[in-house]
Amino acid sequence: MRPTDTLFERVWSIAAKVPRGKVTTYGAIARALGSPGAARTVGWAMRAAPVRSGLPCHRVINVTGELSPEDTFGGPGVQRSLLESEGVTFDVQGRVDMKRHLWIP
DNA sequence: ATGGTGACAAAGA
DNA sequence: ATCTTTGCCACCA
């Protein structure tokens, strides 16, 4: 495959494949890329992900089911609303139900 | 080339 | 069960 210049591009490529109503974790993506220890880098890629690319970065969360900082998407509870809109369920603690919506590339 | 940084992950108390 | 600390990797200046 076309060796992407940076791991970022690869991350975005996978993030774009996450089906609607599902979520994935940074570690899962990092593993799919062949760098299981690059979970942090994946998160960084999401942060640097251009919104105009239409990347569903709100579907990418950490393995604990916790969402990214509220102000990351422009407002508190925005990411959660987006996921709920897609049919993602949350538990009482406000975490995503991984058992139900965890999707791995 | 080196240093600093970060939307993580796992282990220990 | 929760909170804190450590380790890892890749990008930017």
Side-chain angles (χ1 to χ4, degrees):
Chain A
M1 314 236 301
R2 233 158 343 299
T4 48
D5 309 61
T6 68
L7 197 147
F8 278 36
E9 302 241 341
R10 287 192 271 182
V11 173
W12 298 334
S13 192
I14 292 183
K17 293 173 191 160
V18 181
R20 187 168 170 283
K22 294 267 182 178
V23 295
T24 189
T25 72
Y26 303 99
I29 294 177
R31 223 172 291 173
L33 294 173
S35 302
R40 281 183 107 177
T41 311
V42 173
W44 208 4
M46 291 284 98
R47 184 178 185 248
V51 184
R52 56 189 194 241
S53 296
L55 279 171
C57 26
H58 55 269
R59 293 186 195 146
V60 184
I61 61 180
N62 53 3
V63 73
T64 51
E66 185 68 67
L67 304 183
S68 58
E70 298 159 336
D71 49 303
T72 307
F73 285 89
V78 173
Q79 182 175 13
R80 173 158 174 173
S81 296
L82 285 163
L83 291 171
E84 286 182 326
S85 278
E86 299 184 344
V88 178
T89 58
F90 289 78
D91 61 7
V92 203
Q93 310 194 10
R95 296 188 203 168
V96 178
D97 194 340
M98 304 303 285
K99 301 295 188 182
R100 254 212 253 277
H101 307 293
L102 179 58
W103 177 86
I104 296 173

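None of the values given here were measured: they were computed from a predicted structure. Below, chains carry the letters A, B, ... as their sequence lines are ordered, and counting in each starts from 1.
In this structure, A:T24 OG1 and A:R59 CZ are separated by 11.5 Å, a value rounded to the nearest 0.5 Å. Within the model, atoms NZ of A:K99 and CG of A:D91 stand 12.0 Å from one another, a figure rounded to the nearest 0.5 Å. Atom CD1 of A:I104 sits about 10.5 Å away from atom CD1 of A:I29, to the nearest 0.5 Å.
Contact check for A:T41 versus A:Y26: no side-chain heavy atoms found under the 4.5 Å cut-off. Residues A:Q79 and A:T72 have side chains not in contact (no heavy-atom distance under 4.5 Å, counting atoms from C-beta outward). A:I61 has its side chain within reach of A:M98: a pair of non-hydrogen atoms, C-beta onward, lies under 4.5 Å apart.
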Using a 4.0 Å cut-off on protein heavy atoms (strictly under), produce a 5'-to-3' string for nucleotides 8-13 of chain B with B for base contact, S for backbone-only sugar-phosphate contact, and - for none. BSS---
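Between A:A28 and A:P105 the shortest heavy-atom distance is O-CG, 4.4 Å.
Contact footprint of chain A on DNA chain C: nucleotides with an atom under 4.0 Å from a non-hydrogen protein atom, first to last in 5' to 3' order, C:dT2 to C:dC11.
Distance alone, capped at 3.5 Å, places no donor-acceptor pair between the A:S13 side chain and the A:E9 backbone.
A:E9 comes within 4.0 angstrom of nothing in the nucleic acid, heavy atoms only.
A distance of about 22 Å separates the C1' atoms of C:dA13 and B:dA7, rounded to the whole Å.
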